[in-house]
Amino acid sequence: MAFFGGAARVGRLVGCRQYSTTTGRTKMLQVIQQQIADTKAAGTWKSERVITSKQAAHITVSTSDTPVINMCANNYLGLADNADVIAAGIEAMQTHGNGLASVRFICGTQDIHKELESKVAEFHGTEDTILYASCFDANAAIFESLLTAEDAVFSDELNHASIIDGIRLCKAEKSRFKHRDMTDLEDKLRSSKQRLKMIVTDGVFSMDGTIAPLKDICDLAEEYEAVVLIDECHATGFFGKTGRGTSEFCGVEGRVDFINSTMGKALGGAMGGYTTGPADAIALLRNKARPYLFSNTLPPAVVGATAKVFDMLMKDSSHIEKLQDNTALFREKMTAAGFNLGGDKEHAICPIMLGDARLAANVADDMLQEGVFVIGFSFPVVPMGKARIRVQISAAHSTEDIEFAVAKFIAVGKKHGVIA
């Protein structure tokens, strides 16, 4: 048993693994157990529901064989179970294998990786692209790689956790401006004397469904000689007239310097992320970005499937139009029923604001019993006292799906006193 720590450290048996009962481990577990108890007492403990089907508009879960409508996936275009996308992934595995067993710069770059990077750049109208295992990695890489202590970064206070963590890794002067507050941003830009200035914002804020004022941000960037980075995870592929994202929606295509985004949401729902922007900056990232240099390359199946999605998007925008129609229908009916919906009306993220964490969890549980899969969001995912049900509309939802979900929300909402 030396493999598990030796005879002197043998403890209680769980399955076939023996765990240490040293004083250090015991103290650590006591702290952890107290944190778990406190979180449960606050009503913010999160348990995972187990899905037993493909990700789709209709799914099955482990607690029931009856299909339920999924209203909380990032599957905005309904492509997670698209037959053509799946076939492209299978074909890529057959021609290029299961994986590369390497990082990109050693022996982990195939022709399909370069082809996908070119397609992403073409889609966004940029010079070049670098692929990562996730957009979290893209955000973890870019600030440390491109900014030094001579530079400054200006971040919206509600930016995604991955942006916050990425900024922490760099040595640049850090400023946080109030959410979508251009006066505050300008004050901070004006007072900074640093060499390079980077403004970073979510294009669409994932918890709230609010849209960044990109035109104003780009105007300020030009005035104060800054560059602009946007995180487009909740916009790429489905937001804007042709799915080019927030820059297209706001009419500032070509004015945004860097776009970080994901392939794990609207673009087939698997995994992967990227930074797309100036060729020289991308070349430097390939040489300095730690998540790129020290993580395995994306597997061929993901690359092939995602490339197929980009091909589809550059030929057809009908999925986007369907999503817009579904979003408008849901918002109209829920607002008419008396629910308080957050976010901007144009976006498929439709937060139902409830405030109390326990209420959000109870509403979500009751909705599942009624045949609608949604999740309650509470602290620390959202600020304390601002718990909600974050509904996400998909192009795969039918009109009947939307109407069914609204009817169930009304019934459960009345039960819990959310609406009269």
Side-chain angles (χ1 to χ4, degrees), residues 99-155 159-174 194-203 226-233 236 245 256-265 267 270-300 302-303 306-307 310:
L100 275 298
S102 175
V103 300
R104 285 284 297 267
F105 84 94
I106 300 178
C107 58
T109 298
Q110 293 175 314
D111 52 352
I112 56 175
H113 294 93
K114 301 304 293 183
E115 290 166 6
L116 177 57
E117 287 171 338
S118 294
K119 287 183 180 182
V120 173
E122 178 186 355
F123 181 78
H124 287 290
T126 53
E127 294 178 359
D128 200 2
T129 301
I130 179 173
L131 300 176
Y132 294 96
S134 68
C135 190
F136 205 112
D137 281 349
N139 286 334
I142 192 165
F143 305 105
E144 182 183 28
S145 299
L146 300 186
L147 303 178
T148 72
E150 297 180 73
D151 307 318
V153 59
F154 305 83
S155 178
N159 275 341
H160 191 267
S162 60
I163 294 175
I164 295 170
D165 286 358
I167 289 173
R168 286 172 176 164
L169 294 173
C170 79
K171 296 180 180 180
E173 178 184 89
K174 304 168 181 66
Q194 299 298 88
R195 179 187 62 173
L196 300 178
K197 301 174 184 179
M198 177 181 283
I199 305 169
V200 56
T201 181
D202 284 355
V227 295
V228 177
L229 161 66
I230 58 175
D231 181 314
E232 287 283 77
C233 288
T236 298
V256 172
D257 300 282
F258 296 95
I259 294 173
N260 282 5
S261 196
T262 181
M263 301 181 293
K265 293 183 171 58
L267 306 182
M271 63 176 294
Y274 58 83
T275 295
T276 190
D280 287 344
I282 300 303
L284 185 60
L285 287 170
R286 292 191 196 280
N287 283 269
K288 292 186 66 176
R290 292 168 71 85
Y292 183 82
L293 294 171
F294 296 99
S295 293
N296 256 25
T297 186
L298 280 174
V302 172
V303 176
T306 306
F310 276 107

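These figures come from a predicted structure and were not determined experimentally. Heads up: numbering here begins at 1 and tracks the sequence.
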Inset, instruction - Check each of V120, T276, I142, I282 against I130 using the side chain to side chain contact (heavy atoms under 4.5 Å, CB included) test, and report the only one that passes. - result: I282
Legend entry - Matching residue for V200 among I164, I230, I167 - test: side chain to side chain contact (heavy atoms under 4.5 Å, CB included): I167
In the structure I gave you, are the side-chain heavy atoms of [X] and [Y] within less than 4.5 Å of one another anywhere?
X: D128; Y: R286; answer: yes
X: L131; Y: R104; answer: yes
X: Y274; Y: T306; answer: no

For [X] and [Y], indicate whether the former's side chain and the latter's backbone hold a donor-acceptor pair under 3.5 Å.
X: H160; Y: D202; answer: no
X: K265; Y: S261; answer: no
X: T129; Y: E117; answer: yes
X: E127; Y: P278; answer: no

Legend entry - Chi angles and distances behind the side chain to side chain contact (heavy atoms under 4.5 Å, CB included) call for Q110, T297: CA-CA 10 Å; Q110 293 175 314; T297 186; over 6 Å; no
Starting at [atom1] of [X], measure out to [atom2] of [Y] and round the result to the nearest 0.5 Å.
X: D151; Y: E173; atom1: CG; atom2: CD; value: 10.0 Å
X: L116; Y: F123; atom1: CG; atom2: CZ; value: 12.0 Å
X: I112; Y: K119; atom1: CD1; atom2: NZ; value: 10.5 Å
X: C233; Y: M263; atom1: SG; atom2: CE; value: 10.5 Å
X: L169; Y: L147; atom1: CG; atom2: CG; value: 12.0 Å

Inset, instruction - Measure the acute angle between the ring planes of Y292 and Y132, then classify it against the limits of 30° and 60° as parallel, tilted or perpendicular. - result: perpendicular
Inset, instruction - For the pair L146 and K288, evaluate side chain to side chain contact (heavy atoms under 4.5 Å, CB included) and give the outcome as yes or no after the intermediate values. - result: CA-CA 9 Å; L146 300 186; K288 292 186 66 176; over 6 Å; no
Legend entry - Heavy atoms of other groups near R290 CZ, more than 12 under 6.0 Å: no
Minimum heavy-atom separation for [X] and [Y], please, with both atom names.
X: S295; Y: D137; result: OG-OD2, 4.5 Å
X: C107; Y: L100; result: O-CD1, 3.8 Å
X: A138; Y: T275; result: CB-OG1, 3.8 Å
X: F143; Y: G166; result: CD1-C, 3.6 Å
X: L285; Y: A141; result: CD2-O, 4.4 Å
X: A270; Y: V302; result: CB-CG2, 4.3 Å

Legend entry - Intermediate values then yes/no, side chain to side chain contact (heavy atoms under 4.5 Å, CB included), L293 and V103: CA-CA 6 Å; L293 294 171; V103 300; over 6 Å; no
Legend entry - Result of checking N139, N260, T262 against D231 for side chain to side chain donor-acceptor pair (under 3.5 Å): N139
Legend entry - Lys/Arg N to Asp/Glu carboxylate O, K114 vs D111, below 4.0 Å: no
Legend entry - T148 vs K171, side chain to side chain contact (heavy atoms under 4.5 Å, CB included): CA-CA, chis, key distance, verdict: CA-CA 5 Å; T148 72; K171 296 180 180 180; 5.9 Å; no
Inset, instruction - With sequence neighbours excluded, tell me which residues meet side chain to side chain donor-acceptor pair (under 3.5 Å) with N159. - result: S155
Inset, instruction - Using the test side chain to side chain donor-acceptor pair (under 3.5 Å), find all partners of N287 that sit at least two apart in sequence or belong to another chain. - result: none
